[in-house]
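Beneath this line is the structure, given in structure tokens, with notes to follow.
Chain A is the first sequence line, chain B the second, and so forth, proteins listed ahead of strands; every chain is numbered from 1.
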Protein chains: 2
Amino acid sequence: MGRPPGFDRREVLAAVEREFRKNGYDGTSLDDISAATGLGRGSLYAAFGDKHALFLAALGDYCDQDEASGAAALAGPDETAMERLRAYFIDSVDRQLNDPEQLACMASRFTVELAGRDRDATARLSQGFEAQRAALAGCLRAAQRNGDLDPAAEPVTLATLLVVDFRGIGSLIGIGLDRAELVAVVDAALAGLPVPPPSAAAS
Amino acid sequence: MGRPPGFDRREVLAAVEREFRKNGYDGTSLDDISAATGLGRGSLYAAFGDKHALFLAALGDYCDQDEASGAAALAGPDETAMERLRAYFIDSVDRQLNDPEQLACMASRFTVELAGRDRDATARLSQGFEAQRAALAGCLRAAQRNGDLDPAAEPVTLATLLVVDFRGIGSLIGIGLDRAELVAVVDAALAGLPVPPPSAAAS
DNA sequence: AGAGTTCTTTACTGAACAGTCCAGATCGTT
DNA sequence: AACGATCTGGACTGTTCAGTAAAGAACTCT
């Protein structure tokens, strides 16, 4: 039935995502993408459609992976919920610091760049936000069950705050804070989560 | 000595800043700027230089005002330091929500868009970050003097966390959180600041 | 009022852009 | 091995871009 495609869709989308992440939507040309993927423009158009559709495909693929890995990293036994929370933040910091180009996270970047301009992208990013918040809220509920967090606290509000911290840290890595400072900020953020009142203490 | 300019430099830079803020650096053409300011390209080039210089001028002007107003909003007597802190955040939220186009704050936006790409812009934004952090740290020290904050806490680390919160909130406004949620997040962030140990309590 | 200086506008240039098209290459099928 | 279907890559198009240059308008100073 004809010639099969000579590329792996996931690999191509990963390269596309990286290219968009580097220079933004407007700052990335199809020539850049063509060079980064090794595919000609004709192939890209045939496989994914125009630039916007290609971007949405790359964004969707990234969000899918991000949501899955985030949910996996935050799920686990109640006893280690707080450890998972800290590891989730520290891992994110290290991943960005170790990135050869120190690119901001895709979600942070395009949430500010495309909000109000690109309805489709905003919808996907909004879904990604909800997924991240839900995963964090689940982890916070686990911490509550384990007595590490005030049971009277509202997990969703605190989870929203943690997403805010997460995105804020991601956006500030670009201006040159070093790892020690970032880790201190993460610890300060987690230290600010409400502890259970002493009257209810038991262990 | 010849004809004076027919425009106000500050007004033009404010319009330019708004245009860049709306669509980003790459997404804004000189025609857009020309239409927004009412000035022809020649006038813009003569007055400010090329696109990049024009952008830096607008960014610098914005940062100057932002730093001054932030410092003013956070300065005051020790007794009301915590109130000023909260008002600073709530005002920022309201300003963005009331903005006709709900544009993200200039600093947040270009910190992620230009980090690692534009050395000059990053330098200016980094200076803006330091100014905001210093103003917040000053306010936190005032709160410490007033007994509202643990004197053992490191003001600069907490101030960094507050900048993280500030930028994170700004970047998430674009995805449609409502005012009540945002206010709850602000309050959760401020509630996470370390209170003085009870042994040292006095008033 | 006139001269000189500065601002403003318009038209222009070469490059880069997104998107299209087609000739040729490559593969599964028979 | 030959066919048909699909993929591939480069050439092409019309548009938009940043930046330039020159002609004309407007203002101050003498």
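- Contacts of Arg10(B) classified as salt bridge (charged side-chain N to carboxylate O under 4.0 Å, His left out), with partners at least two apart in sequence or in another chain: Asp61(B).
- Residues from residues 43-57 of chain A placing a heavy atom under 4.0 Å of any atom in DNA chain D, listed by number, are Ser43(A).
- For Glu130(B) and Arg124(B), the salt-bridge test fails: no basic side-chain N is under 4.0 Å from an acidic carboxylate O.
- In this structure Arg109(B) satisfies the salt bridge (charged side-chain N to carboxylate O under 4.0 Å, His left out) test together with Glu113(B), sequence neighbours excluded.
- Here side-chain hydrogen bond (donor to acceptor under 3.5 Å, both in side chains) pairs that include residues 45-60 of chain B, with residues two or more places apart or in two chains, are His52(B)-Asp118(B).
- Listed by chain and number, the residues in a salt bridge (charged side-chain N to carboxylate O under 4.0 Å, His left out) with Asp32(A) amount to none (sequence neighbours excluded).
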Which donor-acceptor pairs under 3.5 Å do side chains of residues 184-191 of chain B form with protein atoms, sequence neighbours excluded?
| unit_1 | atom_1 | unit_2 | atom_2 | d |
| --- | --- | --- | --- | --- |
| Asp187(B) | OD1 | Arg86(B) | NE | 2.6 |
| Asp187(B) | OD1 | Arg86(B) | NH2 | 3.4 |
| Asp187(B) | OD2 | Arg86(B) | NH2 | 3.1 |

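- Identified under the ring-ring contact (aromatic ring centres under 6.0 Å, His included) test for residues 125-179 of chain B, with sequence neighbours left out: Tyr88(B)-Phe166(B), Phe89(B)-Phe166(B).
- For residues 17-42 of chain B, the ring-ring contact (aromatic ring centres under 6.0 Å, His included) pairs, not counting sequence neighbours, are Phe20(B)-Tyr25(B), Phe20(B)-Phe55(B), Tyr25(B)-Phe55(B).
- Partners of Asp94(A) under the salt bridge (charged side-chain N to carboxylate O under 4.0 Å, His left out) rule, at least two apart in sequence or in another chain, are Arg179(A).
- Distance, Leu39(B) CG to dA25(D) P: 18 Å, rounded to whole Å.
- Shown here are the side-chain hydrogen bond (donor to acceptor under 3.5 Å, both in side chains) partners of Thr80(B), two or more places apart in sequence or in another chain: Arg84(B).
- Residues from residues 12-38 of chain B placing a heavy atom under 4.0 Å of any atom in DNA chain D, listed by number, are Thr28(B), Ser29(B), Leu30(B), Asp31(B).
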Nucleotide N/O to protein N/O under 3.5 Å, stretch nucleotides 12-15 of chain D:
none

